[in-house]
2 protein chains.
Amino acid sequence: MALAILDDRSYNECMNKLDKPNKREQLLEQGVNLLLAQGYHGTGLKEILDAVKIPKGSFYQYFESKEAFGAEVVTHYIEPFIQQLTDHLNNPELDALSVLQAYFAALIHDLEQGDFKGGCLLGNLMGEIGDTSELCRFSLKQAIGRYRDLLVLGLTRAQAEGSVRADKSAERMADLLLNTWQGALLRMKIEQSVMPIRACCEDLLGGYFKA
Amino acid sequence: MALAILDDRSYNECMNKLDKPNKREQLLEQGVNLLLAQGYHGTGLKEILDAVKIPKGSFYQYFESKEAFGAEVVTHYIEPFIQQLTDHLNNPELDALSVLQAYFAALIHDLEQGDFKGGCLLGNLMGEIGDTSELCRFSLKQAIGRYRDLLVLGLTRAQAEGSVRADKSAERMADLLLNTWQGALLRMKIEQSVMPIRACCEDLLGGYFKA
DNA sequence: TATAAAAATATGACCGGTCGTATATATGCC
DNA sequence: GGCATATATACGACCGGTCATATTTTTATA
C-alpha cells in the first residue's frame, strides 16, 4: 500500500496531524455550515456527524458536549473574518476608510450570492442561545470582542488619516457599526434583499462617520 | 352553582368570548414567553401546553401547526409594542423626539429589570428561522414593517417640529434606528449590560438624528 | 318540552423518529 | 498481552403530529 513507504514516525504524524485533527476540523467546518443554516437547536448532532461520516459514538471523543461544540464552532466561524479584515487593514496602499468600505462591500456581495441565507452565525446565536448557554455566551462575547477591536483599529486609523470624524470615539462608532450591521443582517433575511445592509454601510461609513 | 344566575345567552357568551378564545389567547401568551426565553426550536409544544393546562390534542384545534403558531405568536407579540408606541405618539403634550426618547428609555428600563434576558422576539426569530420558515418570515416582515412605519411617523413629525434633521429621510433613519436597536439587543444579551442599547439611543436619537 | 339521534368538539395515548449522552465492545499500537 | 482509542449499540426522554374514542352540543322527532 502507498503508506508503506512512510516510516512509523511520519505515519504517526500523518495520523495525528492530518487525520485526527482533520476530523475535528471537519466537524467544526460542518458545524459552522449547519448551525448557520438551521440554528443551534434546529441542528442535531447526527446531522453533523453524518455529513462528515463520523460515527455517532465518536463525537464525544472530540468534544465534551453539544454546548461545548457550539462554543468552539463560534470561535472557528469568526477566525476567517478576523483574518480577512486584518489582511485588508494591513494593506498599506489603501486608506483605512476605503479598506472598511471595501471589506463590507465584499461581505455584501457574498451575502447576495448566498440568497440572503444564514446571515451572521454570531448574530443568530446571540439571539438564540446568548442568554441560555453561559458557555456559548462567553465564546460569542470573545469573538465579537475581537472583531470589534479590529473595527476600532480601522476607525482609529481613519480618524488619524482625517477621513473619519474625530469628535466621536472610535469605540462608539465601532459598536454602532457592528450593531447596525447585525440588525441589518436580520432585516436582510426577512426582506430577502441586500438593501438593509447596503443602507447600513452607506449611512454610517458613507455619512455619519465622515469627517 | 354560581353560574345558575346566568341565562343561556349570557352563559354562552361567557363560554365563547372568555373561555374558548381565552385558551387560544393563553397559548399565544405563553408562546410569547417561552419562545422569547428559549427560541423556536428550543421550545416544545408540550411545554407550552402544560403551562396553560391544555391537552396535546387540542392544540391543533387552535393552530394548524407549530410553524403557523409561531407566525401568530409573532403578531401577538408585537401588538402591545405597537399600541404603546402609538399611544405615546398620540400624546399631544410632548414633542415627537421626546416621545421616542421616552419610549426607548422605558424599553431599556424594562430590559434591565429582566436581567437582559430575551431581548426582542422578532430579532431572535429573524435570526433563528427568518430564512427557513416562509410562514414566519412573512409574519416577521409584517410585524417589523408595522413597527417601522410607526417610527417613520414619529421621526417625520420630529422633522416637522425641527428637532430632527431634515436632510435625511425619515424612512432611512427609522431603518437605521430599528436595525441598530436590534443589533444592540443582541449585544446586550452577551454583555449582560444595557450599555449597548443605551448607547444606541444616545448615538442616534441624541446625536446623529439631531437637527 | 322530553327524548333520541347526529354532529361537533375535546382528549390523551400513541406514532415513528430524533434528541444528547453513556457504555460496552472492538480495534489497533506498544 | 496490555492498553488506549474508536466505534457500535443502546438508552431514556422528548419531538411534532395523529387518531380513535369520549364527551358535549346541536338538531330532529314526537
Side-chain angles (χ1 to χ4, degrees), chain A residues 1 3-4 6-27 30-31 34-35 38-73 128-129 132-133 135-136, chain B residues 1 3 6-24 26-27 30-31 34-35 38-73 128-129 132-133 135-136:
Chain A
M1 68 195 302
L3 281 178
L6 300 172
D7 62 17
D8 278 2
R9 200 177 44 75
S10 49
Y11 175 75
N12 281 341
E13 256 175 44
C14 173
M15 290 315 270
N16 289 335
K17 295 204 179 149
L18 268 173
D19 188 70
K20 198 185 150 189
N22 200 20
K23 287 193 175 180
R24 222 185 109 96
E25 202 78 5
Q26 279 181 279
L27 282 171
Q30 277 300 321
L34 289 169
L35 291 197
Q38 313 181 131
Y40 180 82
H41 290 298
T43 306
L45 289 184
K46 186 178 187 308
E47 205 171 349
I48 301 168
L49 288 158
D50 285 352
V52 298
K53 302 242 194 35
I54 289 178
K56 185 162 188 183
S58 299
F59 178 81
Y60 294 89
Q61 208 84 32
Y62 301 103
F63 302 98
E64 271 245 336
S65 63
K66 187 190 184 185
E67 190 187 3
F69 174 69
E72 281 213 50
V73 165
E128 188 184 354
I129 53 170
T132 53
S133 160
L135 218 61
C136 293
Chain B
M1 71 195 301
L3 280 178
L6 300 171
D7 62 15
D8 278 2
R9 199 179 42 76
S10 49
Y11 174 75
N12 281 342
E13 256 176 41
C14 175
M15 291 317 271
N16 289 335
K17 296 205 176 145
L18 270 172
D19 189 71
K20 201 182 146 190
N22 200 19
K23 287 193 174 180
R24 219 187 112 96
Q26 278 181 278
L27 283 170
Q30 277 300 321
L34 289 169
L35 291 198
Q38 312 180 133
Y40 180 82
H41 289 297
T43 306
L45 289 183
K46 187 172 189 308
E47 203 171 349
I48 301 168
L49 289 159
D50 285 352
V52 297
K53 303 241 197 30
I54 288 178
K56 183 75 173 285
S58 299
F59 177 83
Y60 294 88
Q61 209 89 32
Y62 301 104
F63 304 97
E64 272 246 334
S65 62
K66 187 189 183 185
E67 190 186 4
F69 174 69
E72 281 214 48
V73 165
E128 188 184 354
I129 52 170
T132 52
S133 161
L135 218 59
C136 293

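Chain naming here is simple, since letters A, B, ... match the order of the sequence lines and numbering starts at 1 in each.
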Pairs: protein N or O with nucleotides 19-21 of chain C N or O, under 3.5 Å:
residue	atom	partner	partner atom	Å
C:dG20	OP1	A:Lys66	NZ	2.6
C:dG20	OP2	A:Leu45	N	2.8
C:dG20	N7	A:Lys56	NZ	3.2
C:dG20	O6	A:Lys56	NZ	3.2
C:dT21	OP2	A:Tyr60	OH	2.6
C:dT21	OP2	A:Lys66	N	3.1
C:dT21	O5'	A:Tyr60	OH	3.1

For A:Tyr40, ring-ring contact (aromatic ring centres under 6.0 Å, His included) partners two or more places apart
none
In Å, rounded to the nearest 0.5 Å, how long is the span from NE2 of A:His41 to CD of B:Gln38?
8.0 Å
Find the distance between OH (A:Tyr62) and CG (A:Leu49) and round it off to the nearest 0.5 Å.
10.0 Å
Working to the nearest 0.5 angstrom, can you tell me the gap between A:Glu128 CD and B:Ile129 CD1?
10.0 Å
Tell me whether the side-chain N/O atoms of B:Gln61 come closer than 4.0 Å to OP1 or OP2 in C:dA10.
yes
Taking only N and O in the side chain of A:Ser58, is any of them less than 4.0 Å away from OP1 or OP2 of D:dA6?
no
What integer distance in Å separates B:Asp50:CG from D:dC15:C1'?
14 Å
Whole-Å gap separating P (D:dA6) and CZ (A:Arg24):
12 Å
Salt bridge (Lys or Arg N to Asp or Glu O under 4.0 Å) contacts in which one or both residues fall within residues 56-73 of chain A, not counting sequence neighbours:
A:Arg24-A:Glu72
B:Phe69 CZ to D:dG17 C1', straight-line distance once rounded to whole Å:
15 Å
Spacing between B:Leu27 atom CG and C:dA10 atom P, to the nearest angstrom
12 Å
Can you name the nearest heavy-atom pair linking B:Thr43 to B:Gly39, along with the distance?
OG1-O, 2.8 Å
Find the distance A:Gln38:CD to C:dT18:P and express it as a whole number of Å.
13 Å
Just the rounded figure in Å: distance from P of D:dT5 to NZ of A:Lys23.
15 Å
